[in-house]
Amino acid sequence: MITAKSVENIQLLPFLATDANNLGCLGYGCLKPDRTLIIVNSIGAALQSLYILVYFYYSPTKREVLLKVLMVLALLAVAYGYFTCYFTDEDTRRSRVGLFCSSFTIVMYASPLADLAKVIRSRSTRCLSFPLTVTTFLASSSWTLYGLWLEDLYIMVPNVPGIVTSVVRLWLFWRYAPGRDNPYRPLHA
């Protein structure tokens with residue numbers, strides 16, 4: 001975005017979903033308490049917020065971006081109030097927040113699949129990021145293993161779709177490898 005000075009074909013949804021996921025998991029980490037969840041999600045929330053600010057700066061539709069960001073923040077504020085006021089038992093609150101975070105994690109991992117139809121129609125992976133796909137695979141695999149180690153279904157289960165969606169995107173990179181999307185051969189002089 002910074003190099004192109006434009007958001008071009010970059011979608012806002014993955015940034016919003018990931019930021020909401022990081023903020024929710026940060027809250028879950030505080031309820032557990034789990035230093036790994038707290039540290040990783042604090043850093044993740046700060047970085048995603050920075051990405052959203054850069055996206056906002058370069059977006060031609062600032063009002064639309066701002067409204068979407070405010071909607072996600074309002075949802076998180078309402079969720080915080082709901083979980084704080086209605087669940088006084090700590091175990092119940094932790095499990096409800098865990099379930100809430102699990103849904104955001106699944107949305108976060110599914111959000112890049114919005115470009116799947118475009119990839120299949122164009123037979124090109126130009127709108128997908130290979131480094132992000134590999135990173136997502138590694139991150140979701142790591143969190144799945146961490147959830148297994150802790151025997152925490154709220155960490156393990158929602159990260160499995162991240163592995164699956166990453167494998168699908170890696171297959172798309174293999175299927176529509178760069179160079180295969182151009183049916184014409186260049187002329188050699």
Side-chain angles (χ1 to χ4, degrees), residues 1 4 7-29 34 36-37 39-52 54-55 59 65 68-69 71-73 75-76 79 95 97-181:
M1 287 184 285
V7 294
E8 294 174 1
N9 293 328
I10 300 169
Q11 299 293 320
L12 180 62
L13 180 61
F15 295 119
L16 285 176
T18 305
D19 203 17
N21 179 61
N22 287 138
L23 291 169
C25 289
L26 174 60
Y28 181 67
D34 183 320
T36 300
L37 285 172
I39 292 168
V40 170
N41 286 293
S42 294
I43 293 168
L47 289 173
Q48 288 302 319
S49 297
L50 180 63
Y51 296 153
I52 290 169
V54 171
Y55 189 98
S59 175
V65 171
K68 288 178 181 177
V69 169
M71 283 178 19
V72 169
L73 289 175
L75 174 67
L76 289 171
S95 70
V97 170
L99 188 60
F100 180 76
C101 293
S102 294
S103 61
F104 264 111
T105 302
I106 292 169
V107 169
M108 176 188 75
Y109 284 135
S111 62
L113 293 179
D115 292 326
L116 262 184
K118 187 189 309 182
V119 169
I120 293 169
R121 206 174 354 188
S122 69
R123 297 181 181 268
S124 172
T125 55
R126 289 183 207 175
C127 64
L128 298 178
S129 167
F130 185 77
L132 181 62
T133 300
V134 171
T135 304
T136 300
F137 177 77
L138 295 173
S140 56
S141 298
S142 299
W143 282 116
T144 300
L145 292 173
Y146 186 66
L148 274 168
W149 182 54
L150 293 179
E151 298 177 1
D152 188 329
L153 294 175
Y154 298 119
I155 297 173
M156 181 186 58
V157 172
N159 282 287
V160 172
I163 297 169
V164 173
T165 59
S166 296
V167 168
V168 168
R169 286 183 290 165
L170 288 168
W171 178 81
L172 288 171
F173 277 106
W174 173 81
R175 177 72 175 96
Y176 303 117
R180 288 189 190 178
D181 58 348

In terms of heavy-atom contacts, Tyr28 and Cys101 come closest through CB-SG, 4.1 Å
Residue pairs, two or more places apart or on separate chains, that pass salt bridge (Lys or Arg N to Asp or Glu O under 4.0 Å) and touch residues 136-147: none
How long is the straight-line distance from CZ of Arg175 back to CD1 of Ile120, given to the nearest 0.5 Å? 10.0 Å
What is the distance from atom CG of Leu138 to atom OG1 of Thr133, rounded to the nearest 0.5 Å? 11.0 Å
Step by step, would you call Leu150 with Asp34 a side-chain contact (heavy atoms from CB on, under 4.5 Å)? CA-CA 10 Å; Leu150 293 179; Asp34 183 320; 3.5 Å; yes
Least distance between heavy atoms, Phe100 atom then Ala79 atom: CZ-CB, 3.5 Å
Tell me the side chain to side chain donor-acceptor pair (under 3.5 Å) pairs involving residues 43-52, sequence neighbours left out? Asp19-Ser49
Taking the side chain as every heavy atom from C-beta outward, state whether Asn22 and Ile43 have any pair of such atoms under 4.5 Å apart. no
Closest approach of Ser59 to Val65 (non-hydrogen atoms, all atoms of both residues): OG-CG2, 3.4 Å
Could you grab the distance from atom OG of Ser142 to atom CH2 of Trp149, nearest 0.5 Å is fine? 13.0 Å
Using the six-membered ring wherever Trp is involved, compare the ring planes of Tyr146 and Trp143 and label them parallel, tilted or perpendicular (cut-offs 30° and 60°). perpendicular
Interatomic distance, Leu16 atom CG to Leu12 atom CG [nearest 0.5 angstrom]: 4.0 Å
Qualifying salt bridge (Lys or Arg N to Asp or Glu O under 4.0 Å) pairs, either residue in residues 132-152, two or more places apart: Lys32-Asp152
Got a donor-acceptor contact below 3.5 angstrom from the Thr18 side chain to the Phe15 backbone? no
Residues that Thr105 engages under side-chain hydrogen bond (donor to acceptor under 3.5 Å, both in side chains), provided they are two or more places apart: Asn21
Please tabulate, one pair per line, all N/O donor-acceptor pairs under 3.5 Å involving side-chain atoms of residues 157-165, not counting sequence neighbours.
from   : atom 1 : to     : atom 2 : distance (Å)
Asn159 : OD1    : Tyr109 : OH     : 2.9
Asn159 : ND2    : Ile155 : O      : 2.4
Thr165 : OG1    : Tyr109 : O      : 3.3
Thr165 : OG1    : Pro161 : O      : 3.0
Thr165 : OG1    : Gly162 : O      : 3.3

The criterion is side-chain hydrogen bond (donor to acceptor under 3.5 Å, both in side chains); which residues satisfy it with Thr144, sequence neighbours excluded? none
CZ of Phe130 to CZ of Arg169, rounded to nearest 0.5 Å, is 11.0 Å
